[in-house]
Amino acid sequence: MAKFIKFELKRAVTSKWFLILFVGLAVMALAISVYCVMNRDDSSAGKQVLYGVAYYETFEELSQQIETTKEALKAEENELTEGIANGSLNDLQIAAAERNIQYLETNISVMTVLSENSISFDHATAYHNFNVKNGASVAITILFISWIIVGLFAALKISCNIPSELKEGQAKLSFVLPIGKTRYSLARYAADTLKFILLYIVLAIIVLICSVIFFEPSGYYTVAAVGSAALLLSPPAAVFLSLGFGLFYIIACSAIGYIVSLLIHNNVASLLVTAFVCLSGYLIEAVDRGIYGTITFSKYLLPCTLNIDKVFYSAEANSVWVAILITLAYLIPFFIVSLIKFKHTDLN
């Protein structure tokens, strides 16, 4: 089986469409980097939102902001406690107060980490905000776009493996190989997933090189904050973190494509179902927010948990580990069921 995976992997990475995808993403990374270099002198290029932190020119101003916000947080917590105790707040008001407290906690944690590391306002950008002057911000943006494209491409490609072999009549030959049809399908799935993982890793290296060549190597940071925790990400750290998030997304999408390919043996239907599961997350969240005014049930659905970095730019999102666990809770049972069903399905 290992030899088969090696053969499939070698055949896949030398294919024309794979090279076109890789070159296209590499050119995109280079083009965005060049665009940033050409526009970094724009007076509006450095304007940004930084987790609610007001612009400061000196660190004394920042320290004053921290003290003022701490007082506001204490007042908000006291008001919430008293409101719950005397029953003057309904559920919606309590939820709104809790969100405001979380917002203030995040605001304080960001200001604290900026103050402790002596980072000026213009040299910090919130996670997932695009700033042409900030190499870490640009790297995260490029890699986020890339993992969406690679993950979707991987899912759609894998979702057509079994249906295509059935349609073209190749299945009768492939499934009588000594390794068996189930192990054969797993080998193809593993080979396809590995090649997309390899593609994304190489692309991350290219993005890191671009960040070193086109941007100042130090002094600019992206801030990733959630609750009372905040991290400063330099370009290498931003690339490393995005690499982890992207690999999870690609692996999860590949698994979705494989599960669908085993359950649905029609190319068009398999493509449509896979595309919907991988892309419908933001649509479902929009509907959820439109009904309830905030994200409620949607954050427990598979399409909405694939981007596990969402916690850094969406206040209602699950934590990274909760999002991972929810995703695995969906994928593992479906993976096992689809394998069992495929094993006992007569494909002749």
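Using modelled atom types and a 3.5 Å distance limit, the side chains of Y127 and D309 yield a donor-acceptor pair. A donor atom on one side chain and an acceptor atom on the other are found under 3.5 Å apart for S88 and N86. A donor and an acceptor atom, one from each side chain of S261 and N161, are nowhere located under 3.5 Å apart. For the residue pair Y300 / T305, no side-chain donor-acceptor distance below 3.5 Å is found, with atom types taken as modelled. No donor-acceptor contact under 3.5 angstrom links the side chains of N131 and S137, judged on distance only. Side chains of N307 and Y313: a donor-acceptor N/O pair is absent below 3.5 angstrom, by distance only.
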Q. Could you walk me through whether W17 and F153 pass the ring-ring contact (aromatic ring centres under 6.0 Å, His included) check?
A. CA-CA 11 Å; W17 63 264; F153 205 101; 5.4 Å; yes
**Q.** Steps toward side-chain contact (heavy atoms from CB on, under 4.5 Å) verdict (S146, Y200)
**A.** CA-CA 8 Å; S146 299; Y200 187 70; 4.2 Å; yes
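Using cut-offs of 30° and 60° on the angle between ring planes, the pair Y189 and F335 is tilted. Below 30°, between 30° and 60°, or above 60°: for F342 and H265 the angle between ring planes is above 60°, a perpendicular geometry.
Relative to the six-membered ring of Y184, K343 misses at least one condition, a distance below 6.0 Å or an angle of at most 45° to the axis.
Heavy atoms from other residues, nucleotides or ligands lying under 6.0 Å from CZ of F59 number more than 12. F334 CZ: 12 or fewer foreign heavy atoms inside a 6.0 Å radius. Surrounding CZ of F276 are at most 12 heavy atoms belonging to other residues, nucleotides or ligands under 6.0 Å away. Surrounding OH of Y292 are at most 12 heavy atoms belonging to other residues, nucleotides or ligands under 6.0 Å away.
For the side-chain contact (heavy atoms from CB on, under 4.5 Å) test with I205, the passing option among L208, V207, L203, I209 is I209; the others fail. Among Q102, R289, K299, the one residue that satisfies the side chain to side chain donor-acceptor pair (under 3.5 Å) test with E316 is R289.
The shortest distance between side-chain heavy atoms of I108 and S228 does not fall below 4.5 Å. Between F18 and K195 the shortest side-chain heavy-atom distance falls below 4.5 Å. Inter-residue side-chain proximity for F215 and C36 is flagged as met; some heavy-atom pair is nearer than 4.5 Å. Two residues are said to be in side-chain contact when any heavy atoms from C-beta on lie closer than 4.5 Å; V223 and L233 fail this criterion. When side chains are defined from C-beta on, T274 counts as touching C278, because their heavy atoms get closer than 4.5 Å. Contact annotation: the side chain of L114 approaches that of V110 to within less than 4.5 Å [non-hydrogen atoms, C-beta and beyond]. Residues V23 and V27 are in side-chain contact: their nearest non-hydrogen atoms beyond the backbone lie under 4.5 Å apart. L302 places a side-chain heavy atom less than 4.5 Å from the side chain of V277.
With E76 contributing its side chain and N100 its backbone, the two residues share no donor-acceptor pair below 3.5 Å. Checked by atom type and distance alone, the side chain of S211 never pairs as donor or acceptor with a backbone atom of P235 at under 3.5 Å.
A salt bridge does not link K74 to E79: none of the charged nitrogens lies less than 4.0 Å from a carboxylate oxygen.
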For a quick test of your reading: what N or O donor-acceptor pairs under 3.5 Å do the side chains of residues 238-257 make, sequence neighbours left out?
residue : atom : partner : partner atom : Å
S242    : OG   : A238    : O            : 2.9
S254    : OG   : I250    : O            : 2.8

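L21 contributes atom CG, which lies 5.5 Å from atom CG of L199 (distance to the nearest 0.5 angstrom). To the nearest 0.5 angstrom, K70 atom NZ is 13.0 Å from L104 atom CG. Atom OG of S338 sits about 10.5 Å away from atom CD1 of I162, to the nearest 0.5 Å. Note that NZ of K157 and CG of L271 are 11.5 Å apart. Values are rounded to the nearest 0.5 Å. In this structure, NZ on K341 lies 13.0 Å from CD1 on I259, to the nearest 0.5 angstrom.
Linking Ile, Leu, Val, Met, Phe, Trp and Tyr residues whenever their side-chain heavy atoms come within less than 4.5 Å leaves V226 and I295 in two separate clusters.
For W147 and F196, the ring centers sit 6.0 Å or farther from each other. Remark: aromatic rings of H123 and Y221 are distant, center separation not under 6.0 Å.
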